[in-house]
Structure formats: structure tokens, C-alpha cells
Amino acid sequence: MGRRAGPPVAWGERVIEIPLVDLRAQHEQVADEVADGWAEVLKTTAFINGPQVARFESEFAAYQEVPHAIGVGNGTDAIELALRALGVGHGDEVVLPANTFIATAEAVARCGATPVLVDCVDDTLLIDASQVSSAVTSRTKAVVPVHLYGQAAPVELITGVPVVEDAAQAQGARRNGVAVGGLGVAAATSFYPGKNLGAYGDSGAVLTTSDAIAESVKLLREHGSPRKYEHPVLGFNSRLDTLQAVVLSAKLRRLEAWNQARRAAAARYTEMLADVERVRVPVVLDGNLPVWHLYVVRVPDRDRVLSSLHAAGIGAGIHYPTPLHKTGAFGHLGGSFPVAEQSAAELLSLPLFPEITESQQTRVVEALTEALND
Ligand SMILES: Cc1ncc(COP(=O)(O)O)c(C=O)c1O
């Protein structure tokens, strides 16, 4: 596997020597395969619903160990279509954590349903399953736990309500030996370029063990149409492009090795940071095999530390700076979620990608230690 880091990239005025994610290093490994695959698509011009889409869907379903993977336009659509396939609509409620990317709540709102937020657990930052039962009402149609940063939420603790997993950040992760995607009735994932399995544009997929949900999502993604110009239900245009399917198949063959490299890099960070004071390293929940989409530490005075890292050429980031109930889009939901609020002020994502080298990680840790001691 290539170990060469990409050239430095500009971040405003500054030059970032170690990026948060290095997509060029991944592309180098699949470039020939993608070029050949794209040449084939260009020759046949089957840009929509080409045979490469169904091929990728069956490869991905096999990888995630579920019977169905249905490619869609992006991860947000994947959540929405999975919820709609479950019958979620106007007047319904869907429970989800306050500390997630906004898309989880957007998808619920786009179904016409109301997002009902719960807090996360302080050590793992995964949904606090103990709060879910008190958030459930007679209107609750689903819970959407988020497999945040690449580790599975404790889905088995959520009972009595259908679970749609938000697996956007967790392709290949496992909980108690079961691959994500098979922990609830359905799951949604994103192939946004920076994800563990990333396309060269937007795309996503619904995973499910249910034949009925799979059939419904297939209709919904294709204008509600089982056959050309038959539209028994109102649908959407949300398909996985053939060109993206080619990229995803090429990358899927390497995903297990890439996830393993992420695990090794995460273990190195945890070891390197063990003696650095005032840094909280990520905690893995018992029973989880994470895929480390992000390596998120918690530090005091985070904004100053982040600026120092950027000044030192380190492309650290924040996932996410604002809990949903503090955003303009979802502020009307109100509520108080102390763990989500406190952690949002402390979170700091360190550069992590399969090809990151030990010397790059050493530099990150040195820069972080300096920033904390300033
Ligand atoms: C947790 C989570 N949910 C949903 C999404 C939405 O995916 P997309 O950007 O493909 O719509 C993302 C990623 O962007 C995400 O990280």
C-alpha cells in the first residue's frame, strides 16, 4: 500500500502539510482500475443504471453481510428513503442523537416527521440508549442511532421501536460480531468522498435485511416506478451513478485493508497520547470493532488548540461544533443535552487516513502537545 503523503495543500493563508484526510493517496491505488472501468462506461454510455451499479450493490451487500444494498444519490437520501419505506411521514416522530451531522435530522424532517433528540454518553459520544425509552411516544415510528466516528451504537439496547442505523461513517464496523447494516431493520450509508468508502462525488446506499423495505426503496429512488412510465407511488430521483459504482467497486476491494490500516493508526495515536496531559482519547465501547472514520480527542481550550495546529500545518477539524438543537435549522426543537453541548466545545479530530505514516502522527502529537502547553 502506498505510504507517500500528498503534496501540501493551502488552507486559507496557511499551508497544511498533514491533511485531515488524504484522498490523493487512495486515488493513486485505484487510478488504473477506475480509468479502465470509466472507459468501459464511456464506451457503452450506460451512465444511469448501468450493469456496474447492480454489480457494486451485490458486492457491497455481501461485504456488509445483508441481503440487500440499494444504491441512492447520497447518504441523506438513504436515511430519508429508508424511513419512508418504513412508513414514516407527517405527524410521526423519529428519535436521534443531538450530536450528529445535520443530515440525520434533515432526512427525518424531509419525511415530514419531527426529530426528537436525545443526549449521548460522555465517554463514547454514542447515543444514550437509556434516554431513548423516555423519548418514545405513541407517535414514534423509528429510532436512528448514529455509528459516530466509525463505531457502532449499542443498537441492542433500543427495543420496541424499529431502528434505522445511520451508518454513514461506519462501513465495515461490527458490533458483537455483527456487521453494521444488519443491526436494525435498515441502515443508511454515505459514499461522500471523505468517507471510509468514498466515491468521486455524492452517493449512498440503503442496507436492509427486509425484502419489503428493499422493494420500497427501489421504487422510491426511481420516480416510484417499477417499470418505465408506471408510477404507482410518488417517488424521487435518487440513483447511484454508474461512474460512481465503478469507483466504489474498485475501492471496496481495498476497504478491509484500509480499515485495518486505520485501526493501526488509531492504536498508535492512543499509545502516543497516553502520557499527554489534558487530552481525552476516544473510548471504544465493549463489543465494538470500529473502523475509525475519525479519531476524535477532547481537549480544553479547543478553538485555540485548533488554531495552533493549523498554524503548524496540521489539518485538524471539528465533528461537530454545534449540536442539532443549537443550529438555526433545528433550534426550534429546543431542549437541553448537556453531554452533547459540553463535548461539542472540546472535540478535535486529528488527521487520520489509511496511508498516514508514523512520522506524520508523531508530528501531529508533538504539535498538539505544544499547543496544549502554550
Ligand atoms: C453521520 C452522517 N449522517 C449522514 C450523512 C449524510 O451523507 P451525505 O453527505 O452523503 O448526504 C453524513 C455524511 O455526510 C454523516 O456523517
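Ligands are counted one by one from 1 in listed order, and the atoms in each one are counted from 1 as well. What you see is a predicted model; the values in this text were computed from it and never measured.
Considering backbone and side-chain N/O of Gln169, one or more are found under 3.5 Å from N/O of ligand 1. Not a single N or O atom of Phe101, backbone or side chain, sits closer than 3.5 Å to an N or O atom of ligand 1. In terms of polar-atom proximity, defined here as any N/O pair under 3.5 Å, Asp202 makes no such contact with ligand 1. Considering both main-chain and side-chain atoms, Tyr192 never comes within under 3.5 Å of ligand 1 through any nitrogen or oxygen pair.
Using modelled atom types, one side-chain atom of Thr208 and one backbone atom of Val185 make a donor-acceptor pair closer than 3.5 Å.
A donor-acceptor pair shorter than 3.5 Å can be found between the side chains of Gln260 and Arg263.
Protein heavy atom in closest approach to atom 14 (O) of ligand 1: Lys195 NZ, 3.2 Å. Remark: minimum distance from atom 9 (O) of ligand 1 to any protein heavy atom is reached at Ser190 OG, 4.1 Å. The single protein non-hydrogen atom nearest to atom 3 (N) of ligand 1 is Asp166 OD2, 2.7 Å, given as residue, atom name and distance. Protein heavy atom at the shortest distance from atom 15 (C) of ligand 1 is Ala168 CB, 3.5 Å. Here the heavy atom of the protein found nearest to atom 11 (O) of ligand 1 is Thr76 OG1, 2.5 Å.
Taking 4.0 Å as the cut-off, Tyr320 counts as a neighbour of ligand 1 on heavy-atom distance.
Atom CG of residue Leu294 and atom CG of residue Leu20 lie 6.5 Å apart, to the nearest 0.5 angstrom.
At most 12 non-hydrogen atoms from other residues, nucleotides or ligands lie less than 6.0 angstrom from CG of Asp286. The neighbour count for Glu271 CD, taken as heavy atoms of other residues, nucleotides or ligands under 6.0 Å away, does not exceed 12. Residue Tyr192 places its OH atom among 12 or fewer non-hydrogen atoms of other residues, nucleotides or ligands, all under 6.0 Å distant.
Remark: Glu93 does not engage Arg139 in a salt bridge, criterion side-chain N to carboxylate O under 4.0 Å. Salt bridge present: Glu33 and Arg253 bring a charged side-chain N and a carboxylate O closer than 4.0 Å.
Listed by atom number, the atoms of ligand 1 under 4.0 Å from Ala103 heavy atoms are 4 (C), 5 (C), 6 (C).
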